[in-house]
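Below is one structure, written out as structure tokens, with a few remarks after it.
These numbers come from a predicted model, not from an experiment. Below, read A as the first sequence line, B as the second, and so on, with proteins coming before strands; counting in each chain starts at 1.
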Amino acid sequence: MLKLSHEVNLFFHWRLMIMDEKYFAKKVEQKWQKIWSENKTFEVEIDSEKPKFYALEMLPYPSGNLHMGHVRNYSIGDALAWYKRLKGFNVLHPIGWDSFGQPAEDAAIKRGVNPLDWTEDNINHMRNQLKRLGLSYDWRREIFAHRPDYYKFDQWFFLKMYEKGLAYKKMTQVNWCPNCQATLSNEQASGGLCWRCGNLVTKKDLEQWFLRITNYADQLLEDMSEIEAGWPQKVLKRQRDWIGRSEGAYVDFKLTQPVGEIEKIRIFTTRIDTIFGANAVVVAAEHPLIDAYFECFTEEVKKTIEKIRLEKRKITDYEAEQEKEGIDTGLKAINPFSGEELPIWVGNYVMMEYGTGAVMSVPAHDERDFEFAKKYGLPIRQVISSPHQSFDKFGQEAFTEYGILINSGEWTGKTSEEAIKEMAEYARRNGFGEPAVTYRLRDWGISRQRYWGAPIPIVYCDDCGIVPEKYENLPIELPKNVEITGMGESPLAKVAEFVNCSCPQCGKPAKRETDTMDTFVDSCWYYFRYCDPHNPDLPFDPKIVHYWTPVDQYIGGDDHAVMHLIYTRFWTKVMRDIGLVNFNEPVKRLLTQGMVVGETFFEVIPNPDDPSGKGKRIYYPPDTVQVERDQKGRIISAKSADGKPLQWAIERMSKSKGNGVDPDEMVEIYGADATRIFTLFAAPVENELVWNETGIEGAVRFLQRVWRFVWKWQEKISDSTTCEIDKIEFSAEARKLRRKTHQTIKRVTENLESLQFNTPIAALMELLNAIYDFKVEPENASPGDLFAIREAVTSLIVMLAPFAPHVAEELYSQIVGNEKGLLANGVRFPEYDEELAKADEIEIPIQINGKLRSKVVASADASDEDLKALAFADAKIKEYINGKEIVKVIVVPKRLVNIVIKG
RNA sequence: GCUGGGGUGGCGAAAUAGGUAGACGCACAGGACUUAAAAUCCUGUGAGACCGAAAGGUCUCAUGCGGGUUCGAGUCCCGCCCUCAGCACCA
């Protein structure tokens with residue numbers, strides 16, 4: 001029967017393609033990926049007629065395989081890109097490869113492969129994976145960070161920064177990861193751990209190129225106000241903490257006897273109001289004063305200094321606070337406020353990297369100084385008193401709050417707030433200090449003793465010194481066939497053809513810089529390059545970039561909050577200062593998606609080496625584990641194949657834990673559309689996403705249900721003979737369906753505008769359920785029924801496009817009878833009609849004293865009085881209020897009635 | 001320790017301005033179709049108690065815990081507890 005009607009359908013609609021009765025994901029997906037590619041559906045150019053939208057996702061590192069985190073990231077971006085296109089925007093949606101970096105070199109070391117081949121192979125494989133997901137990128141704009149036409153401009157930017165004094169070289173202790181054999185920036189060594197492998201970081205002396213990000217510290221802070229509305233506050237907070245602005249004052253303490261050239265020692269303090277309580281000046285072991293006087297110290301002092309220096313260099317156990325250590329150097333300095341002579345100590349708790357590397361020690365009002373003074377029996381003098389309550393714990397702990405100054409000469413009696421301002425001013429007037437601001441943020445060290453990065457375009461000439469390369473000589477290309485040992489020295493240093501060059505200034509033989517740039521340089525400006533990806537002369541044409549940028553929506557993980565996201569903000573400000581862009585902030589809105597996690601199974605074996613006693617986990621792949629669940633579906637026990645009892649948890653997907661899911665496999669089994677729908681539906685985007693196989697099956701079921709319905713109604717829906725709408729009569733059922741349709745359009749639109757992706761899919765499922773509830777068969781549908789069905793189904797299909805574009809395209813093509821696709825057909829996201837979305841009958845809950853007691857049905861335009869009357873007429877309510885005193889009646893218009901009674 | 005998120009069924013989660021808590025999905029259970037299975041469709045599903053032969057109905061308790069404001073609190077206020085994340089001698 002069904003088969004027959006299908007043939008009849010084909011007979012009458014000869015122009016239609018044959019529609020499969022069943023949904024075959026792979027077939028549909030291959031078909032539409034081909035059409036999109038042939039029709040250049042997602043290729044865009046500047047169009048002044050349309051509003052633009054720049055949808056950007058963080059570009060992947062080509063590690064070899066896509067993982068579910070990528071799928072989630074790109075599904076979100078693609079949904080947004082599709083939605084905006086259907087809303088009439090000119091959408092730029094590009095992708096590329098962050099293809100410089102260490103794994104390529106590691107592969108070279110371990111397996112002897114060429115980093116270039118390894119990288120290109122990985123890109124080819126991963127590009128295919130992305131294409132199989134059917135993501136709507138403009139592939140013409142694909143960029144490759146490792147290719148000379150791209151890194152040429154890393155070098156170009158470096159030269160620009162060098163010219164502006166923003167790039168400089170200095171000898172420094174760098175962060176060094178012994179495991180990766182790599183230098184790390186401060187951001188990459190945050191928390192004392194390597195950002196890539198998690199190992200503890202050590203220190204190493206090296207000459208390094210730095211970028212003066214600290215010049216922009218204040219702007220990086222202040223301009224946050226421009227993006228506050230669109231960025232997650234946790235990201236901004238982390239950046240704020242990282243920049244670590246701190247207001248205080250410098251104070252110079254004169255030495256009683258000059259040490260060589262050094263006559264005074266400058267300290268930084270936020271609590272100048274406590275200066276009368278200083279009992280010592282404490283300096284870092286690396287302080288210049290220590291170096292200058294070193295030979296004159298007693299043996300004991302020398303030994304202690306050496307010990308502290310050594311300790312600092314060692315792997316620091318970042319969890320344990322180190323015990324304070326120090327020694328009186330024998331030198332003296334004078335407190336400029338009190339005139340008191342103070343000893344100068346060396347202390348391991350003073351860091352050379354922060355402030356001036358020297359502090360005044362005020363034990364009564366600083367916890368660290370207190371601890372130090374206690375240990376070494378230094379005097380503790382109270383100079384701040386608490387205005388509110390008596391603080392009687394002096395001698396037991398430090399009082400660190402603001403208060404009233406005491407024992408402070410002419411400043412006695414002032415509040416801390418007043419004194420902080422006035423004393424810094426006083427110091428300035430008298431030439432021994434000034435108000436000051438310090439930052440935790442350090443300059444960005446970009447030198448890497450690595451091969452697989454952009455060479456730093458600098459030449460060392462015996463006569464001219466450090467000479468920047470000429471712009472016309474760019475790119476300075478990476479040589480091929482380089483021996484990579486991974487021993488921590490620059491591989492390029494051993495390549496004579498590369499190193500030996502002529503000086504760009506005098507032409508004499510010279511040597512090239514052999515370090516390469518941190519790969520975070522590449523990602524600082526890549527999304528500007530997308531706008532003008534093949535420009536041979538400039539990183540991009542400012543005019544083109546002016547149309548597309550700033551980025552309207554950026555999507556990615558929040559793990560780059562103080563790396564990529566702070567570097568790229570800095571880079572943008574530099575680009576602004578050299579006239580390439582005309583705004584302060586490159587990204588208007590940022591969305592950070594949560595991790596993809598999965599169930600893990602493991603046994604814990606005790607690890608005697610680990611003092612924390614956590615033990616070591618041995619993981620078992622989930623498909624080898626026998627899991628027992630109770631009636632409710634909870635796991636009650638898990639056993640390995642050989643019967644060992646296992647523990648379970650939910651953890652980030654990774655190979656070593658065996659809980660990873662291969663996107664290719666998901667696409668193969670369930671299809672790209674279902675995979676994408678599930679990743680978006682299962683949880684809000686910012687939450688963790690727990691992967692479970694049955695969930696994705698639910699997504700397939702949903703798509704199949706849509707398909708089946710369209711298949712059944714295809715003939716009727718695609719029949720283009722239309723009636724005039726005002727002549728159509730709608731049954732109550734049809735009106736109800738239309739209402740649901742318009743309510744759904746409203747919900748989906750609002751949800752997408754507020755970047756929710758799980759709730760609109762739920763709304764579409766509800767609409768589909770309503771369509772299925774509409775119990776009319778195609779053969780006996782009235783014009784009103786048909787209209788309602790057509791409206792519901794067409795809206796559903798178009799609204800499905802952002803989440804499951806292949807299915808949407810296919811079903812739409814079946815209805816419209818051509819294969820041009822939604823966008824070429826000029827399809828727009830449906831608009832809702834407020835009137836139709838309104839219910840004509842509403843259910844009103846009736847409460848007695850705030851408790852739900854009954855419900856009544858009222859017409860949608862019922863007045864408060866009507867609702868009240870209905871409530872009192874209700875039999876159940878009558879019973880409740882029978883004989884009771886009615887205190888008051890609250891009517892929330894069109895929502896609820898609450899009757900307050902007494903007795 | 002400091003800072004910022006977050007605690008809602010068996011699970012993932014919904015809930016525009018305080019106004020029917022648990023939409024949607026998963027899982028589970030029962031039923032229909034089938035020779036059978038899969039698929040599909042239908043029904044049920046927060047906990048407890050009660051009325052009724054049944055269909056169905058009623059009540060109480062439920063959004064981490066304890067208070068408060070309010071006619072009414074998942075939502076607002078105060079105090080705790082737990083949890084995740086970031087930072088950590090920053091002077």
Can a salt bridge be assigned to the pair A/Arg368 and A/Asp366 using a cut-off of 4.0 Å between side-chain N and carboxylate O?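 Result for this pair is yes, salt bridge flagged.
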Please list, chain by chain and in numerical order, all residues satisfying salt bridge (Lys or Arg N to Asp or Glu O under 4.0 Å) with A/Glu247, sequence neighbours excluded.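 If we apply the salt bridge (Lys or Arg N to Asp or Glu O under 4.0 Å) test to A/Glu247, skipping adjacent residues, the hits are A/Arg245.
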Results of salt bridge (Lys or Arg N to Asp or Glu O under 4.0 Å) for A/Lys421 - residues two or more places apart only: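 Not a single residue meets the salt bridge (Lys or Arg N to Asp or Glu O under 4.0 Å) criterion with A/Lys421.
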Protein N or O to nucleotides 38-43 of chain B N or O, pairs below 3.5 Å:
residue : atom : partner  : partner atom : Å
B/U40   : O3'  : A/Arg708 : NH2          : 3.0
B/C41   : OP1  : A/Arg705 : NH1          : 2.8
B/C41   : OP1  : A/Arg708 : NH2          : 3.3

Sort me out a list of protein N/O and nucleotides 56-62 of chain B N/O pairs below 3.5 Å, or just none if empty.
residue : atom : partner  : partner atom : Å
B/U58   : OP1  : A/Lys876 : NZ           : 2.9
B/C59   : OP1  : A/Tyr880 : OH           : 2.5
B/U60   : OP1  : A/Arg853 : NH2          : 3.2
B/U60   : OP2  : A/Arg853 : NH1          : 3.1

In which stems does RNA chain B show up, taking only runs of three or more Watson-Crick or G-U wobble pairs whose two distances fall under 3.5 Å?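 Ordered by first number, the stems with RNA chain B (at least 3 consecutive pairs each) read B:1-7 with B:81-87, B:10-12 with B:24-26, B:28-32 with B:40-44, B:46-51 with B:56-61, B:64-68 with B:76-80.
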What side-chain donor-acceptor pairs closer than 3.5 Å can you find for residues 684-702 of chain A, not counting sequence neighbours?
residue  : atom : partner  : partner atom : Å
A/Asn692 : ND2  : A/Thr694 : OG1          : 2.9
A/Glu693 : OE2  : A/Tyr670 : OH           : 3.3

Under 3.5 Å, which N/O atoms of the protein pair with N/O atoms of nucleotides 49-51 of chain B?
none

Which residues satisfy the ring pair (Phe, Tyr, Trp, His ring centres under 6.0 Å) test with A/His564, sequence neighbours excluded?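 Partners of A/His564 under the ring pair (Phe, Tyr, Trp, His ring centres under 6.0 Å) test: A/Tyr554.
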How would nucleotides 2-7 of chain B be written as a contact map, 5' to 3', with B for base contact, S for sugar-phosphate-only contact and - for no contact, using protein heavy atoms under 4.0 Å? -SSS--
Please report the distance separating the P of B/G52 from the corresponding atom of B/G64, rounded so that it comes out in whole Å.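 After rounding to an integer number of Å, I get 37 Å for this pair.
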Given atom CD1 of A/Ile844 and atom P of B/G19, what is their separation to the nearest angstrom?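 Those two atoms, CD1 and P, are 14 Å apart.
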Show me the pairs that pass ring pair (Phe, Tyr, Trp, His ring centres under 6.0 Å) and involve residues 740-769 of chain A, at least two apart or across chains.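 Output for this query is empty, none listed.
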Please name the pair of heavy atoms, one in A/Gly347 and one in A/Val282, separated by the smallest distance, quoted to 0.1 Å.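 It is N-CG1, 3.5 Å.
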Can you list, in residue-number order, the parts of residues 676-686 of chain A that come under 4.0 Å of RNA chain B, counting heavy atoms only?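 Heavy-atom cutoff 4.0 Å gives A/Phe681, A/Ala682, A/Ala683, A/Pro684.
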Under 3.5 Å, which donor-acceptor pairs do the side chains of residues 228-237 of chain A form with other protein atoms, sequence neighbours left out?
residue  : atom : partner  : partner atom : Å
A/Glu228 : OE2  : A/Arg240 : NH2          : 3.3
A/Trp231 : NE1  : A/Val587 : O            : 2.9
A/Lys234 : NZ   : A/Asp558 : OD2          : 3.0
A/Lys237 : NZ   : A/Asp241 : OD2          : 2.5

